Number of protein chains: 2
Amino acid sequence: MLSTERQPSGEGGNASVRVTLKDIAQKAGVSMMTVSNVINGNSARVSPATIERIQRIVVELGYVPSHSARSLAAKSSRMVGVLVPAADEESLTISPHNVAIIGQLERELRKRAYDVLLRGIARPGEVAEALRAWNLDGALLLGFLDEEIATFTASSAGRTRIVAVDSYADNPVTRGVRTDDATGGRLAAEHLRALGHVDVVFAGPRFAGQGVVWQRFQGFKEALGGDCAVEAANTTYDDGVALGRRLRTDHPSATAVFATADILAIGVVAGLQETGARVPDDVSVMGFDDLDLCRYVRPTLTTIAQDLPAKAATAVAMLIGEIERDEEPPGPATLDVRLVERGSTGPAR
Amino acid sequence: MLSTERQPSGEGGNASVRVTLKDIAQKAGVSMMTVSNVINGNSARVSPATIERIQRIVVELGYVPSHSARSLAAKSSRMVGVLVPAADEESLTISPHNVAIIGQLERELRKRAYDVLLRGIARPGEVAEALRAWNLDGALLLGFLDEEIATFTASSAGRTRIVAVDSYADNPVTRGVRTDDATGGRLAAEHLRALGHVDVVFAGPRFAGQGVVWQRFQGFKEALGGDCAVEAANTTYDDGVALGRRLRTDHPSATAVFATADILAIGVVAGLQETGARVPDDVSVMGFDDLDLCRYVRPTLTTIAQDLPAKAATAVAMLIGEIERDEEPPGPATLDVRLVERGSTGPAR
DNA sequence: CTGAAAGCGCTAACAA
DNA sequence: TTGTTAGCGCTTTCAG
């Protein structure tokens, strides 16, 4: 993975002080501007010969541009913020789902030569603050609630672009990228119906007229064709277990559960099993996300899969599009979902 | 989590242009330096009255300091790099273990008012490069192999501090933080011995005379008192499954497996179960790390727990200590481990 | 195609 | 306790 390669410092004679544009310019006998243009690939304005010479010297001296200086002098910093919610000071427990995304985002951004500032956000104002403090070219919001996003204000410069992942918020300063949650809900309902389930429970975080969970519920309920019970539960294993334990008491006739997150579904299965219920023979359970986790548990978890890498790539593409090509803020992007059948769902009893 | 709070911009009359130190200074009728001192908490050099007045104006105008400018003018940027390995351009799949740590690191650093640059590293030179490009005060290395770390060179400024997590490398420019891997191996061996296991298999990534895995093996073998088979396997579920499937063919007399990672152990269990073996009745399996995952699978996984939050906190404390107090680079830090008994280990058959 | 001047927003080192 | 003078390293004009 890492090639064995020496740092080219200490060859040009100068090893321990910062090599600046000026140094390069002097050694090459040209002005700083010419060097700057070469570094930034403005090859249109420099003769091929000079380019070649300068590039050699750059390598020879081990020149590394100062992004701080560039950021100060120019409009752009080539750095974007990846912003995640942070409950005050405590527990920046990035959710497994977000965690998976962060890696992808970093990769996509690095490919395009952008650096990433990772930062937890505790107060709404911190978004604009972070943006301005480092002169960020843009920001990616991860895992915020729509209500929170609505309170974010743009950087006063007005040039800062913001893309929110998994958001339906209609904040004018943000664009959204999300999976097709409504269709996900619908697929889940259709799957359960096809297996003969009629009396089912929907489990997920409390929702109210907006947001990811609400979308999933809408699609689910509609495709179900009938009514369904709703159980509020946080997206955690333990909440799932608690629900699973009392499910057959509180919903004696229910034969299936659709949870809005895999981790929650897995908890439900565990809770059910504790009470002696068999999954899927007595109760079917399905989740949402298709984390790796789904394959590790027994029974393996039937779920609605979303394409994380694609979501990350789309979010980055949108952001960069706005930043570099000053594109019209496109409408929100919606990514496909698909049903993944595994062992936790079966015919209604 | 997020308090409802307005951005204080647009009250001072000026809303959309950058508010600078100079603006504050003018409005307060003092010099920029005085304002600078107030902002940076150099209260010793300013009269209480002035402090109070300046602070009011700062809030009123919604001033946000430019970190780029500060980073350029001062020695320090108050930003540290969190550096993870990145297989060339492709698949920056940050491992679950590292990912869990990143959140903790960010939290610890933010508490101390440091920002985080998250960056994948594909070539050794990129470490020093990233450090210098943003004038980073330091860096945290996550999940690199000891051989890789040995090739990293310091920033030429010489002031940059580097702490490597999970490393035993003796690179003069880095300090290490890790869990007590040897003791972890020992605890595992003692646990299995106490249950009567004699013929056991050690499974983990290939190692050779150094590194985390080697340490675990040393402790394990020594406490075992006898010989043990070694199976090379990557730290993935699928490699675990493969090993589990052929375990009873290749090691017919083995009654226990110690894997150097939970995810690997869980795969081994699944592979074994596929062949009809019962865990732990026929074969006991244990892992290392104590990820949440261990509670989700059946049987639940016996493992060696390491304290991730403590590891992150220690790494940050070491780094900040070197940065701010210019402390003597302390020796490497080693954190405690403990055995967590769950359902995947039992008496030898 | 190349260069000179001016300044981005801030802080170090002195003076006063 | 406060102000002044210099830059940090780069990019943006605008002239050659």
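These figures come from a predicted structure and were not determined experimentally.
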query: Closer to the 5' end of DNA chain D via nearest nucleotide, is it A/Ala69 or B/Ser31?
result: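 Going by which nucleotide is closer to the 5' end, it is B/Ser31.
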Just N and O in the side chain of [X]: are any of them under 4.0 Å from OP1 or OP2 of [N]?
X	N	answer
A/Ser66	D/dC8	no
A/Thr20	D/dG9	no
A/Thr34	C/dG3	yes

Rounded off to whole Å, could you give me the [atom1]-to-[atom2] distance for the [X] and [N] pair?
X	N	atom1	atom2	result
B/Asn37	C/dG9	CG	P	20 Å
B/Ile24	D/dG3	CD1	C1'	18 Å
A/Trp134	C/dG9	CH2	C1'	13 Å

- prompt: Taking five pairs at each end of the helix from C/dC1-D/dG16 to C/dA16-D/dT1, what angle separates the two helix axes (nearest 10°)?
  reply: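 Between the first-five-pair axis and the last-five-pair axis there is 30°.
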The criterion is side chain to side chain donor-acceptor pair (under 3.5 Å); which residues satisfy it with [X], sequence neighbours excluded?
X	value
A/Arg70	none
B/Thr50	B/Ser47
B/Ser71	A/Ser68
B/Arg112	B/Glu108

- request: Evaluate the side-chain contact (heavy atoms from CB on, under 4.5 Å) criterion for residues A/Ile323 and A/Tyr114: first the C-alpha distance (whole Å), next the side-chain angles of each, then the deciding distance (0.1 Å), finally the verdict.
  value: CA-CA 11 Å; A/Ile323 293 172; A/Tyr114 279 83; 3.6 Å; yes
message: Holding to salt bridge (charged side-chain N to carboxylate O under 4.0 Å, His left out), I want the full list of residues that pass it with A/Asp115, two or more places apart in sequence or in another chain.
response: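 Result, salt bridge (charged side-chain N to carboxylate O under 4.0 Å, His left out) vs A/Asp115: B/Arg119.
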